[in-house]
There are 2 protein chains.
Amino acid sequence: MLKDPETGLQRLILDTARQLLTSVGYAQVSMRKIANKIGYSATSIYLYYGNKDELVHALIDEGVDLLYQDLYDADQAGLSPEERLEKMCRAYIRFGLEKPEYYEIMYILHPEYIKRYPAEKFRKARRNLELIASAIAAAIDASQFEAMDSMLSANLVWAQLHGVVTLLGSERVDKRIPEQELIEATVHQIIRSFRITPSGVEV
Amino acid sequence: MLKDPETGLQRLILDTARQLLTSVGYAQVSMRKIANKIGYSATSIYLYYGNKDELVHALIDEGVDLLYQDLYDADQAGLSPEERLEKMCRAYIRFGLEKPEYYEIMYILHPEYIKRYPAEKFRKARRNLELIASAIAAAIDASQFEAMDSMLSANLVWAQLHGVVTLLGSERVDKRIPEQELIEATVHQIIRSFRITPSGVEV
DNA sequence: CCTCGAGCTTAACAGTGTTAACTTTACTCA
DNA sequence: TGAGTAAAGTTAACACTGTTAAGCTCGAGG
């Protein structure tokens, strides 16, 4: 398979797939629908992407980049480590709720899909977590947070963010709980949970 | 549609669907596969379940009951509110990781599915959250936790539990992070996050 | 002019959920 | 007893899905 989608048709396929993904959602992205939209036969796609997985992986790749950009933008200079972390958390949640189709293919889609996700792309996806980890590490260095493995901490934060994004996004949360309130409480709790407590350092 | 799956074939369909779900996973549960396994035609299923959704909803119902049982069992008498909450958290995570097929149809499956989920079953599913909320409320009453809307708190806890279960279950967490360590840190953090801090009551 | 290969297509396979129409069996009622 | 009916299950079909194998078209090179 070609690596860089700069050629004509491959670009067109990827663009159409993205357009379909963002407009009507992942469930409506099918090889035939993509092909019909651009006036080609469905099998043409297989000339550029070995199978649907590869095509979706390309879209995941775009999503990873988009999220990285959002997290990076949130991570402005001149902020305290705690503020950095807070802004990143908000950026993550916003991404998850405003780009649910990307979020779905990136973090929700069935395990089978992700197992075939190439290792080198996995590494790239990890950069997003590392951005969060670095904010935590900075806070620990500044003695604002308790000493703790920053990568483990980042995963802890990630799980919490992922949890609130998926529950809200899938409309599984009771509507009597105001969405904004749950988000605020989540961010607040994340920050607070890292602060140094009088009981001293904990595991 | 019949309400109670006590009749012969309906029972058989549900049992086979469950068996297929737990043995080979949701992706392999198809009307034809269920029917083949019991020597009936696929359309027979439609005599008892209006569509696949209804059949899956019946399985979700079973899952909700299973989880409730687990949470209820964890909620033993003679424990402190804090211990109650901790045991429930562990029970939830264990359920999610040991019965991933149930967890998938209950809490991961695409929103489209859940929108058609009947309101009365939704109410039943909420009992699980209320069990967690009651433990939190008890802790607040005992002044171990800060005063806070216990239902909002329960959703906060739920999001965190859901996050760690789905990330671990989908194998998206870097394998250099030991699973058990992440779980311990999560439970620990949940409990700790509710404790009264010297800075006083917070939102 | 002929060959070759890039680029794309048609036809097909095996699978999915679902519907309409049909059969078969058994039971009720005049 | 015979007719009618309703229950229980069937077959055939539709419109989809991802994917593969084989074939077509057309322009460039020798």
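The figures that follow rest on heavy atoms only: side chains count, while hydrogens, waters and symmetry mates do not. Just so it is clear: chains get the letters A, B, ... in the order the sequence lines come, proteins before strands, and each one is counted from 1.
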Protein and nucleotides 22-25 of chain D: nitrogen or oxygen contacts under 3.5 angstrom:
none

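- Between A:Lys52 atom NZ and D:dC16 atom P the separation is 15 Å, expressed in whole Å.
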### Task
Apply side chain to side chain donor-acceptor pair (under 3.5 Å) to B:Thr22 and B:Glu101, showing your working.
CA-CA 6 Å; B:Thr22 56; B:Glu101 336 78 29; 5.5 Å; no

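- The local environment of CZ in A:Phe122 is crowded, with over 12 non-hydrogen atoms from other residues, nucleotides or ligands closer than 6.0 Å.
- For the segment residues 21-33 of chain B, the set of residues with a heavy atom within less than 4.0 Å of an atom of DNA chain D comprises B:Arg32, in numerical order.
- Partners of B:Pro178 under the side chain to side chain contact (heavy atoms under 4.5 Å, CB included) rule, at least two apart in sequence or in another chain, are B:Glu181.
- Note on residues 125-142 of chain A: pairs passing salt bridge (Lys or Arg N to Asp or Glu O under 4.0 Å), not counting sequence neighbours, are A:Arg126-B:Asp174.
- Checking A:Ser44 against A:Ser41 by side-chain atom types alone, a donor-acceptor pair falls below 3.5 Å.
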Give every pair of a protein N or O atom and an N or O atom of nucleotides 6-11 of chain D that lie under 3.5 Å apart, one pair per line with the distance.
unit_1 : atom_1 : unit_2  : atom_2 : d
D:dG9  : OP2    : B:Tyr48 : OH     : 2.7
D:dT10 : OP2    : B:Ser41 : N      : 2.9
D:dT10 : OP2    : B:Ser41 : OG     : 2.9
D:dT10 : OP2    : B:Ser44 : OG     : 2.4
D:dT11 : O4     : B:Thr43 : OG1    : 3.1

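- Shown here are the side chain to side chain contact (heavy atoms under 4.5 Å, CB included) partners of A:Ala17, two or more places apart in sequence or in another chain: A:Ile34, A:Leu55, A:Leu59.
- In this entry the distance linking CD1 of A:Ile34 with C1' of D:dG18 reads 12 Å, nearest Å.
- Note: CG (B:Leu20) to C1' (C:dT16) measures 14 Å, nearest angstrom.
- Sorted by first then second residue, the salt bridge (Lys or Arg N to Asp or Glu O under 4.0 Å) pairs that include residues 65-76 of chain A, not counting sequence neighbours, are A:Asp65-A:Lys124, A:Asp75-A:Arg84.
- Note that the two end axes of the helix from C:dC1-D:dG30 to C:dA30-D:dT1 enclose an angle of 40°, each drawn from 5 base pairs, rounded to 10 degrees.
- Residue pairs meeting the salt bridge (Lys or Arg N to Asp or Glu O under 4.0 Å) criterion with at least one member in residues 25-36 of chain A: none, sequence neighbours excluded.
- Ring centroids of A:His162 and A:Tyr103 are separated by less than 6.0 Å, placing the two rings close together.
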#### Entry: A:Glu54 and A:Tyr48: CA distance, side-chain angles, deciding distance, side chain to side chain donor-acceptor pair (under 3.5 Å) verdict
CA-CA 9 Å; A:Glu54 282 190 18; A:Tyr48 302 93; over 6 Å; no

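- Under the rule for a side chain to side chain contact (heavy atoms under 4.5 Å, CB included), the partners of B:Pro81 that lie at least two apart in sequence or sit in another chain are B:Ala138, B:Ala139, B:Ala142, B:Gln144.
- For A:Asp53, the side-chain hydrogen bond (donor to acceptor under 3.5 Å, both in side chains) partners are A:Arg116, not counting sequence neighbours.
- Atom CG of B:Asn51 is separated from atom P of C:dT19 by 7 Å (rounded to the nearest Å).
- Note: CG (A:Asn36) to C1' (D:dT17) measures 13 Å, nearest angstrom.
- Sorted pairs that involve residues 147-159 of chain B and meet salt bridge (Lys or Arg N to Asp or Glu O under 4.0 Å), not counting sequence neighbours, are lacking altogether.
- Going from atom OH of A:Tyr46 over to atom C1' of C:dT9 covers 15 Å, rounded to whole Å.
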